[in-house]
Amino acid sequence: MPERQPEFLVEENDGVTRAAALLKRGALVALPTETVYGLAADARNDAACAMIFEAKGRPRFNPLIVHLVSISQVSQIAELSPVARDLAQAFWPGALTLVLPLKPGHGLSPLVTAGMDSVAIRLPAHPTARAVLQAFGGPVAAPSANPSGRISPTTAAHVAEGLGDRVAAVLDAGPCAVGVESTILAPSEAGTRLLREGGLPREAIEPLTGPLIVDTTPGRIEAPGQLSRHYAPSVPVTLNSALDDASAVRVGFTKADGGDLYLSHSGDLVEAAAALFHVLHLADAMACAGQKSAIHVAPVPETGLGRAINDRLRRAAAP
Ligand code: TXA
Ligand code: MG
């Protein structure tokens with residue numbers, strides 16, 4: 001754990017006002033969202049956005065997700081095609097990010113868009129995130145609040161452990177309910193591309209869009225969540241394990257799998273997604289403390305949220 005700690009804020013103690021004030025003055029604040037904790041900065045402030053990359057140790061300037069509270073705010077920054085508007089109305093606020101064409105005069109730092117003519121936008125559902133966005137009044141850039149390549153944070157303690165005082169403050173609203181990052185879609189006239197599996201399952205989207213064009217190839221988009229190795233604990237991870245090797249920390253999908261830890265008591269994928277990063281953090285800590293050389297994970301069904309879980313596990317296990 002880093003020696004220097006960020007300031008801890010809670011909503012009950014004016015945390016929202018303080019978080020918004022810090023953002024206005026160009027500081028970094030970790031905010032709770034329903035997916036994971038985000039490392040937030042004023043998306044119009046170049047220096048603040050540059051600090052995001054520095055704090056995470058991101059190897060290069062990859063585009064960031066812009067967080068807003070209302071669709072009217074979105075339409076000041078980006079073009080909403082009819083399909084995009086349908087998706088926004090169906091799933092915002094929520095665990096969905098849309099990559100949309102930028103409008104002239106959008107005012108965002110070029111670091112947020114990585115100089116591209118599109119922008120990734122999300123309206124989070126978490127009431128605390130929404131309260132901060134409302135109080136701040138502008139666009140907020142936020143990747144997950146973890147050092148680049150490491151396990152994403154689903155509690156305020158994970159953020160402090162990973163970033164220390166490289167973030168000015170952490171607004172603590174307890175564990176994240178969804179637990180995996182948002183699903184990223186790029187709607188276009190030729191069809192809607194799925195850029196990242198996430199908290200909104202494919203099965204919920206396709207009735208609206210028709211079949212998604214899956215474009216989640218590792219490395220194709222040079223951004224951390226798309227890299228083949230990401231979300232990584234400090235010891236090697238093996239998937240689809242029978243959990244029969246006691247030299248590893250064993251993670252079951254259900255309790256009945258008989259691991260040292262499990263993702264869901266009885267095999268509920270929503271519960272498993274919410275627990276995923278916390279269990280990986282724990283398994284990593286157990287491996288270090290008990291000098292185990294690996295983490296073994298039982299198979300997780302490839303349906304619904306299981307796709308996002310398996311995507312994160314495959315990247316955690318990549319060599
Ligand atoms: O749930 C989430 O999405 C969390 C919370 C904090 O909102 N945020 C998050 O952000 O996961 P981040 O920076 O880790 O992921 C941003 C991803 C990048 O990996 C990249 O693939 C995609 O968004 N992205 C951003 N802008 C894009 C663009 N213009 N075109 C294509 N992909 C883009
Ligand atoms: Mg991330």
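Counting begins at 1 with the first residue of the sequence. Just follow the structure's listing: the first ligand is 1, and inside any ligand the first atom is 1. Not measured: the values here are computed from a predicted model.
- Side chain of Thr183 to main chain of Gly198: a donor-acceptor pair is present (N/O by atom type, distance under 3.5 Å, no hydrogens or angles).
- Numbered from 1 in the order shown, with element, the atoms of ligand 1 that lie under 4.0 Å from a heavy atom of Met116 read 28 (C), 29 (N), 30 (N).
- Close contacts between ligand 1 and Arg196 involve ligand atoms 2 (C), 3 (O), 9 (C), 11 (O), 15 (O) [criterion: under 4.0 Å to a heavy atom].
- At a 4.0 Å cut-off, not a single heavy atom of Asn62 sits close enough to ligand 1 to count as contact.
- Within the 2.8 Å limit, Ser144 places at least one N, O or S atom next to the Mg ion (ligand 2).
- Interface of Thr35 with ligand 1, defined as ligand atoms under 4.0 Å from a residue heavy atom, comprises 1 (O), 2 (C), 5 (C).
- Not one N or O of Tyr37 is nearer than 3.5 Å to an N or O of ligand 1, by distance alone.
- The distance from ligand 1 to the heavy atoms of Ala142 drops below 4.0 Å at these ligand atoms: 6 (C), 8 (N), 10 (O).
- At a heavy-atom cutoff of 4.0 Å, ligand 1 is contacted by the side chain of Leu195 but not by its backbone.
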* Verdict with supporting geometry, Thr35 and Arg122, side-chain hydrogen bond (donor to acceptor under 3.5 Å, both in side chains) -> CA-CA 11 Å; Thr35 57; Arg122 176 158 105 85; 3.1 Å; yes

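- At least one heavy atom of Ile184 sits under 4.0 Å from some atom of ligand 1.
- Summarising the local packing, CD of Gln291 is surrounded by 12 or fewer heavy atoms from other residues, nucleotides or ligands at distances under 6.0 Å.
- Cluster annotation: Val300 and Leu239 are assigned to the same hydrophobic cluster (Ile/Leu/Val/Met/Phe/Trp/Tyr, side-chain heavy-atom contacts under 4.5 Å, transitive).
- A continuous path of ILVMFWY side-chain contacts below 4.5 Å connects Val180 to Ile295, so both sit in one hydrophobic cluster.
- Counting only distance, with no hydrogens or angles, the side chain of Ser241 and the backbone of Leu243 share a donor-acceptor pair below 3.5 Å.
- Considering both main-chain and side-chain atoms, His67 comes within under 3.5 Å of ligand 1 through a nitrogen or oxygen pair.
- Taking only non-hydrogen atoms, the option from Ser118, Ala95, Gly199 nearest to atom 29 (N) of ligand 1 is Ser118.
- With distances taken over non-hydrogen atoms, the option nearest atom 6 (C) of ligand 1 out of Pro101, Gly38, Ala40, Pro124 is Gly38.
- A donor-acceptor pair under 3.5 Å is absent between the side-chain atoms of His67 and the main chain of Thr33, judged by distance alone.
- Residues Leu23 and Leu133 are members of one and the same hydrophobic cluster, defined by side-chain heavy-atom contacts under 4.5 angstrom among Ile, Leu, Val, Met, Phe, Trp and Tyr.
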